[in-house]
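Notes follow once the structure below has been shown.
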Amino acid sequence: MRTKALLTLSIIEVLLFGLYAYSLSPLPMTCAEAEDGAYVKIEGFVESASENSFVIDDGTGRVIVLGATFPKGNGVIAEGKVFVRSGIKFLNCDKAEIVAKDGIAVTLKNLAENPNEYAGEIIEVSGRIERASSNWFTLEDEGFEITVLSDTKPDKSAKVKGCFFYDPLDLRYKIRAVDVYVL
Amino acid sequence: MFYEFLTGMVKGLLSGAVPGMHINNIVSTINDPAGIVASYASFIIFSFVPPIYLYSMNIDIGVAMFPSQRMALQGRSREALALSTSGALLSFMIMASLLATNIVDPIFNLFSNEYIALAIILFIIVALFINQKRLFYALFIFLLTGLLGIASMNIQNALMPMLSGFFGLPALLQKGSEIELPESTSSGGRTVLPFLLASFFGFVAASTKAVTPGVISILLYIWLRSDEEMMLGMGALVGSNAAATIGNFYVTGALRSGPAAQLARIELSIPLSKALFLLLLSAVLSFILLLLLSRYLVKVYRAINRWKTIFIALLLVLIFLFSGAGGVFLFFVSSTIGILTIKLRVRRINCMGCIMIPALIGFL
């Protein structure tokens, strides 16, 4: 084959391959949707972190991300291949980056009126503590109430930063707290 | 532990001896630290066999493909194998000794600096283009393969099909055809300097972000004079790199190789001294095993190699298994570029743009 023709062919092949590879880009997926063997991109927040891994939570579930770490509470996007061991989902991280550091400031009234708008988001909300147990408490404000899943148990009032999610077992929206600030 | 060590070693040597396989494909199935380090060492020793006898690419040995191909065509395959594996074994020993004495620990932290990594990559690119003939075409190939490298980021195990396409298939096709191999460099050469230089490069690649053994092997290709020096050097580079990635994991927690990542993933752990001892033990046993098995392995490889079509079909099957349909597509594209490089009469080392440009982009 003539060199010029081979050169043209190479350029066309690279362009075609680029288009093909672009079509393989991972689609954004939730933790619940991520299946064994899938190459996914998950957005959520860092629920806990260790030296070389962190747990990402997007309100639909949790995935343990291996090979990267970020401080607890950061909003992150992680990309990689999912594998499941003993029912726990892991993600071999190819790429991960912080996407948001602060939660969206809302009131309980906002959440009650537009829950779908905030589902899966990291939010910051304030209120009074009504009832409390060892790993949860309820936050009340303007007559609206929500359950906050947290190991921290403040006394009277608190500002909570965490992931707003729908709990299908309880048929209710809840907040999984990342940080709880006593007011 | 003995059973885990042995099974790890067998898995490692299989992943090294089967063309297209890599330790990263198999290490996730090993859940014992002794097995992980044993598999890594035996993989390194056996990974030199397929590139020398079958022209299939090993992503870690990078541009060592050229001297190994030249020596193979001169009927010096056994010499190439002996040089590379003994280089690897010796550098395993030296690097393990250094790691055991904690002398190199501070250097791991020094090389983990991002600016140093960027400087090394830029230096390699500059070194690559100094004294290049047909600079325009060399740059064109470098950029085209760089684009291909970026596009292939979504393909699993992309380096294997890509490098086999650039370096493996063109060499296989030109066997007995009118296209000449690049000229062999002078015979003989130094041993100590290439060995020390390559061992140091292996250590640098284990410590520095985005600098892989394949990337840094470009410097060996540029600086070393003869094929013998290159083969010894590549062995030393890969051996010291393997030992240093394990050491770096223990010292800084960095995950610079698949086995190091697997060590981080599993719950069991062993002290560094024990890991280094097992790494060395596996390397020595694998070396002896390779000496015993090489005659039979060579027969198998030669039988496959005699039938080019069958070998290419086998390579395609392996690429499909490890990288999927995207990998096969990538293999064809990179083969076209590999052949184009020969036709344009530019050095095929310029195809390493496929690693260098994505590595540079990683710093943005």
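The chains referred to below are lettered A, B, ... by the order of the sequence lines, with proteins before strands, and numbering in each begins at 1.
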If you count every heavy atom of other residues, nucleotides or ligands that lies below 6.0 Å from [X] atom [atom1], does the total exceed 12?
| X | atom1 | value |
| --- | --- | --- |
| A/Glu35 | CD | no |
| A/Tyr166 | OH | yes |
| B/Arg134 | CZ | yes |

Q. Do you know the tightest heavy-atom contact between B/Leu147 and A/Val14?
A. CB-CG1, 4.2 Å
**Q.** For B/Ala151 against A/Ala21, the heavy-atom pair lying closest together
**A.** O-CB, 2.8 Å
Pick one of side chain, backbone, both or neither for [X], based on which atoms fall under 4.5 Å of a heavy atom in chain B.
| X | value |
| --- | --- |
| A/Tyr20 | side chain |
| A/Leu66 | side chain |
| A/Leu16 | both |
| A/Phe83 | side chain |
| A/Lys95 | neither |

Q: Counting only heavy atoms closer than 4.5 Å, note whether B/Ala260 contacts chain A via side chain, backbone, both or neither.
A: neither
Q | Region of B/Ser334 in contact with chain A, defined by heavy-atom distances below 4.5 Å | A | neither
Q: Mind checking the CD-CG spacing from A/Glu13 to B/Leu340? Nearest 0.5 Å is all I need.
A: 10.0 Å
Q.
Quick check for you: to the nearest 0.5 Å, what is the distance between A/Leu7 atom CG and B/Thr336 atom OG1?
A. 11.5 Å
Q: For B/Ala243, enumerate each residue passing the side-chain contact (heavy atoms from CB on, under 4.5 Å) test, keeping only those at least two apart in sequence or located in another chain.
A: B/Phe92, B/Met95, B/Leu99, B/Leu279
Q: Considering only heavy atoms and a distance below 4.5 Å, find which of A/Leu15, A/Leu19, A/Asn92 pairs most often with chain B.
A: A/Asn92
(Q) Give the interface residues of residues 136-146 of chain B toward chain A, defined by a heavy-atom separation under 4.5 Å. (A) B/Tyr137, B/Phe140, B/Leu144
